[in-house]
Amino acid sequence: QVQLVESGGGLVQPGGSLLLSCTVSGTIFSRDSFGWSRQAPGKQREFVASISGNYATNYSPSLKGRFTITRDNAKNTVYLQMNTLQPDDTATYYCRDYTLSTFGQGTQVTVSS
């Protein structure tokens, strides 16, 4: 069965950057589409970005330009580079395998001074 393990979250000051990683096992990585979602306290989970097997990307309009999703098929890993972070970006970030409809356990990102 597919497993997704997120890492790279933590505490960062406003204006800072973080790189999230999602390491995937149990599937044909190069075939699957992946993405990131996030959920802030008291709010619904929202779409952040996705990347297909042929590297086509899609972003939440409100985040495009600050966040970049990439994938490394040799490492079975999906990345989310987050720049110019703001307190509103505080959330648990989840990696998702769209092809198999599976989420990881999430990694916490806190943006605070």
Side-chain angles (χ1 to χ4, degrees):
Q1 67 189 48
V2 63
Q3 289 188 321
L4 303 95
V5 179
E6 301 97 334
S7 61
L11 174 64
V12 62
Q13 292 187 343
S17 299
L18 279 176
L19 176 66
L20 304 184
S21 301
C22 173
T23 302
V24 183
S25 60
T27 185
I28 303 172
F29 182 86
S30 60
R31 171 201 68 185
D32 291 2
S33 295
F34 296 94
W36 291 91
S37 300
R38 68 184 186 181
Q39 187 167 16
K43 296 186 178 180
Q44 290 188 330
R45 192 171 298 190
E46 65 173 344
F47 170 79
V48 173
S50 65
I51 186 166
S52 70
N54 63 359
Y55 297 90
T57 58
N58 190 30
Y59 293 92
S60 168
S62 65
L63 300 175
K64 191 174 183 179
R66 293 196 298 124
F67 289 13
T68 303
I69 188 170
T70 57
R71 64 189 295 162
D72 185 337
N73 287 356
K75 296 182 178 180
N76 283 16
T77 301
V78 183
Y79 301 98
L80 183 69
Q81 176 67 46
M82 306 187 295
N83 298 326
T84 320
L85 286 163
Q86 301 301 320
D88 285 348
D89 296 316
T90 295
T92 301
Y93 285 72
Y94 298 91
C95 181
R96 180 179 183 181
D97 183 326
Y98 279 93
T99 304
L100 299 178
S101 299
T102 302
F103 282 97
Q105 293 300 305
T107 185
Q108 177 66 37
V109 172
T110 302
V111 184
S112 176
S113 56

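For clarity, every value in this text was computed on a predicted model and none was experimentally measured.
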Notebook entry, point to check: Of all heavy-atom pairs between Ser113 and Pro14, which one has the smallest distance, and what is that distance?
Noted result: N-CD, 3.7 Å

Item checked: Phe67 CZ to Ser17 OG distance, which is reported to the nearest 0.5 Å -> 9.5 Å

All N/O donor-acceptor pairs, side-chain side in residues 21-31, below 3.5 Å, sequence neighbours left out:
{"from": "Thr27", "atom 1": "OG1", "to": "Arg31", "atom 2": "NH2", "distance (Å)": "3.1"}
{"from": "Thr27", "atom 1": "OG1", "to": "Asp32", "atom 2": "OD2", "distance (Å)": "2.7"}

Item checked: From CA spacing to verdict: side chain to side chain contact (heavy atoms under 4.5 Å, CB included), Val48, Ser60 -> CA-CA 5 Å; Val48 173; Ser60 168; 5.6 Å; no

Check: With sequence neighbours left out, what residues match Asp89 under salt bridge (Lys or Arg N to Asp or Glu O under 4.0 Å)?
Finding: Arg38, Arg66

Notebook entry, point to check: Ignoring hydrogens and geometry, is there a side-chain-to-backbone donor-acceptor pair from Thr90 to Val111 under 3.5 Å?
Noted result: yes

Checklist line | Non-neighbouring partners of Arg45 that pass salt bridge (Lys or Arg N to Asp or Glu O under 4.0 Å), sequence neighbours left out | finding: none

Next item on the list: Check Val109 against Gly9 and note the closest heavy-atom contact, atom names and distance.
Entry: CG2-CA, 4.1 Å

Notebook entry, point to check: Can you find a heavy atom in the side chain of Gln13 that is under 4.5 Å from one in the side chain of Leu85?
Noted result: no

Next item on the list: Considering non-hydrogen atoms only, spot the tightest contact between Leu100 and Thr102 and give its length.
Entry: O-OG1, 3.1 Å

Checklist line | Atom pair OG/CG of Ser33 and Asn54 - distance to nearest 0.5 Å | finding: 7.5 Å

Notebook entry, point to check: Should we count CD of Gln105 as having more than 12 external heavy atoms under 6.0 Å?
Noted result: no

Which donor-acceptor pairs under 3.5 Å do the side chains of residues 75-82 make with protein atoms, sequence neighbours left out?
{"from": "Thr77", "atom 1": "OG1", "to": "Lys75", "atom 2": "O", "distance (Å)": "2.8"}
{"from": "Gln81", "atom 1": "NE2", "to": "Asn83", "atom 2": "OD1", "distance (Å)": "2.9"}

Note to self: The criterion is side-chain contact (heavy atoms from CB on, under 4.5 Å); which residues satisfy it with Val5, sequence neighbours excluded?
What the structure shows: none

Check: CZ/Phe34 to OG1/Thr70 distance, rounded to the nearest 0.5 angstrom?
Finding: 12.5 Å

Margin query: Which residues end up grouped with Phe103 if you chain together Ile, Leu, Val, Met, Phe, Trp and Tyr wherever their side-chain heavy atoms are less than 4.5 Å apart?
Written below: Tyr94

Note to self: side chain to side chain contact (heavy atoms under 4.5 Å, CB included), that's the test. Do Asn73 and Tyr55 meet it? Break it down for me.
What the structure shows: CA-CA 10 Å; Asn73 287 356; Tyr55 297 90; 3.2 Å; yes

Item checked: Worked verdict on Cys95 versus Trp36 for side chain to side chain contact (heavy atoms under 4.5 Å, CB included) -> CA-CA 5 Å; Cys95 181; Trp36 291 91; 4.1 Å; yes

